There are 2 protein chains.
Amino acid sequence: MLHEEVVGRIRAILLDGEITPGARIPERELCDRLQISRTPLREALKVLAAEGLVQLLPHRGSRAAKLTDKDVRDLFEVCQGLEALAGELACERITDAEIDAIAAAHADMVRHHREGDLIQYYRGNRAIHEAIVTAAGNPALVALYASVTARIRRARYVTPMTPQRWAFAVKEHEAILNALQRRDGAGLSHILRAHLRHKREEVLQAGFAETEGNDLALRIA
Amino acid sequence: MLHEEVVGRIRAILLDGEITPGARIPERELCDRLQISRTPLREALKVLAAEGLVQLLPHRGSRAAKLTDKDVRDLFEVCQGLEALAGELACERITDAEIDAIAAAHADMVRHHREGDLIQYYRGNRAIHEAIVTAAGNPALVALYASVTARIRRARYVTPMTPQRWAFAVKEHEAILNALQRRDGAGLSHILRAHLRHKREEVLQAGFAETEGNDLALRIA
DNA sequence: TTTTACATTTTTGAATGCAAAATTATCGAT
DNA sequence: ATCGATAATTTTGCATTCAAAAATGTAAAA
């Protein structure tokens with residue numbers, strides 16, 4: 001197994017929440033599971049620690065990183081900056097075909113909302129945000145965005161949702177699509193920031209902080 | 001030696017250009033020099049590869065990463081986004097004392113310009129940009145900014161400079177300080193972006209691309 | 001002389017081994 | 001029984017070792 005694959009597998013395990021934030025990372029167990037020895041596993045853990053997904057405690061092993069409210073606030077703030085930049089650049093560079101693809105994804109997402117399928121809604125939602133960032137045509141930005149959003153993924157996509165907020169988020173997404181179709185960079189940038197600011201408030205209000213025994217589950221209302 | 005220290009030492013070696021971009025990283029030699037074995041060294045190299053400073057080639061060892069023109073363009077673009085965000089946040093949160101410190105650093109920098117001391121000028125310049133980012137009060141942003149600027153440090157601070165451009169950059173910095181003192185977030189954000197856009201154009205025009213035998217040296221004119 | 005096949009050496013990537021540190025268990029004193 | 005000290009165990013971090021891959025060198029054939 002290649003180094004990057006090991007990193008990816010462990011990252012997935014962490015993002016899935018299979019190892020709860022704050023919990024010790026069972027080295028031996030992961031070695032058995034991935035069929036590798038401790039050396040490549042530990043290399044991967046150091047990389048994930050640099051990404052902020054793992055916390056290394058000298059002589060005490062590694063734990064799945066835990067986010068405080070402040071962390072969530074900060075990361076959302078950075079995410080706003082990155083998406084705002086992506087929005088502006090995307091409007092300069094996006095092709096008609098890419099816009100059409102995003103419009104289609106948007107339509108799907110709206111359908112998932114109508115049908116009340118939150119999981120599929122979130123999946124589509126994420127795809128749209130990622131498509132906009134990709135359309136900016138800046139791989140460095142894509143990589144950074146991926147790393148920041150990974151850290152707040154659980155906060156962003158595993159948070160309770162009221163029907164009101166959900167409907168409002170869909171409205172915002174209509175404005176996002178609209179700005180993109182008009183290639184209104186400043187407008188798109190502005191909407192994306194507001195959209196994320198609202199999401200952040202929801203998350204913080206829901207009391208996201210990953211303290212012990214905060215068992216997040218995907219649910220509506 | 002602690003893991004983080006190893007990473008830091010090697011990062012410094014790379015940023016100093018002691019290992020030329022594109023050159024193979026001499027594992028054995030670094031082990032001897034840092035008095036560590038290959039295991040911790042390789043852990044550090046993987047981390048630096050994730051940061052973009054090192055390129056890992058499977059079964060062929062690691063090299064100091066080389067930047068293409070496109071990389072420089074992309075990274076400056078991201079840097080613009082981050083500094084713009086930092087500027088806005090800083091204006092909301094910066095204290096009077098912090099502004100005074102930046103004003104003092106600015107005065108120093110202007111003096112270095114008058115005296116024609118490019119190295120000291122760049123040093124002060126960097127300190128100001130970093131102080132603004134720090135004043136945003138967002139550690140996640142600081143970390144990301146550090147990682148992006150590290151990758152373009154050599155491009156940003158080791159590039160020829162004409163007297164005209166230098167004088168213009170100083171003028172821009174006056175506007176930056178002014179916006180900060182007025183706590184004009186939108187204005188500061190705008191100026192920072194323009195400032196970086198200009199810097200990027202200089203760098204690209206100077207033909208920065210780290211191809212073989214591009215021996216960058218700090219010089220004026 | 002140039003090229004190609006093969007052997008040798010070096011380097012890489014990962015498993016194992018080992019000492020130091022931390023954790024857990026055990027036992028005696030209160 | 002509870003607390004604290006000490007011993008046993010586990011875990012960590014790193015050096016070393018080993019197999020596989022790549023690079024290098026050598027020699028024969030074109």
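We name chains A, B, ... by the order of the sequence lines, and we start the count at 1 in each one. Remember, predicted model here, so these are calculated numbers, not experimental data.
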Once side-chain hydrogen bond (donor to acceptor under 3.5 Å, both in side chains) is applied, do any residues pair with A:Arg111, and if so which ones, sequence neighbours excluded?
A:Asp108
Just grab all the salt bridge (Lys or Arg N to Asp or Glu O under 4.0 Å) pairs involving [range], residues at least two apart or on different chains.
range	result
residues 127-144 of chain B	B:Arg126-B:Glu130
residues 95-105 of chain B	B:Asp96-B:Arg183
residues 23-32 of chain A	A:Glu27-A:Arg38, A:Glu27-A:Arg42

Just wondering, are more than 12 heavy atoms of other shown residues or ligands nearer than 6.0 Å to CZ in A:Arg93?
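Enclosed: over 12 neighbouring heavy atoms sit under 6.0 Å from CZ of A:Arg93.
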Begin from the C-alpha positions of B:Arg151 and B:Glu51 and carry the test salt bridge (Lys or Arg N to Asp or Glu O under 4.0 Å) through to its verdict.
CA-CA 8 Å; B:Arg151 294 182 65 187; B:Glu51 274 178 38; over 6 Å; no
Relative to the ring of B:His195, is the ring of B:His129 parallel (under 30°), tilted (30 to 60°) or perpendicular (over 60°)?
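Rings of B:His129 and B:His195: parallel, as their planes differ by under 30°.
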Reading DNA chain C 5' to 3', which nucleotide is the first, and which the last, to come under 4.0 Å of any heavy atom in chain A?
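From 5' to 3', the first and last contacting nucleotides are C:dA14 to C:dT23.
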Quick tally for nucleotides 12-22 of chain D: nucleotides whose base has a protein heavy atom under 4.0 Å get B, sugar-phosphate-only ones S, the rest -, giving BBSBB----SS
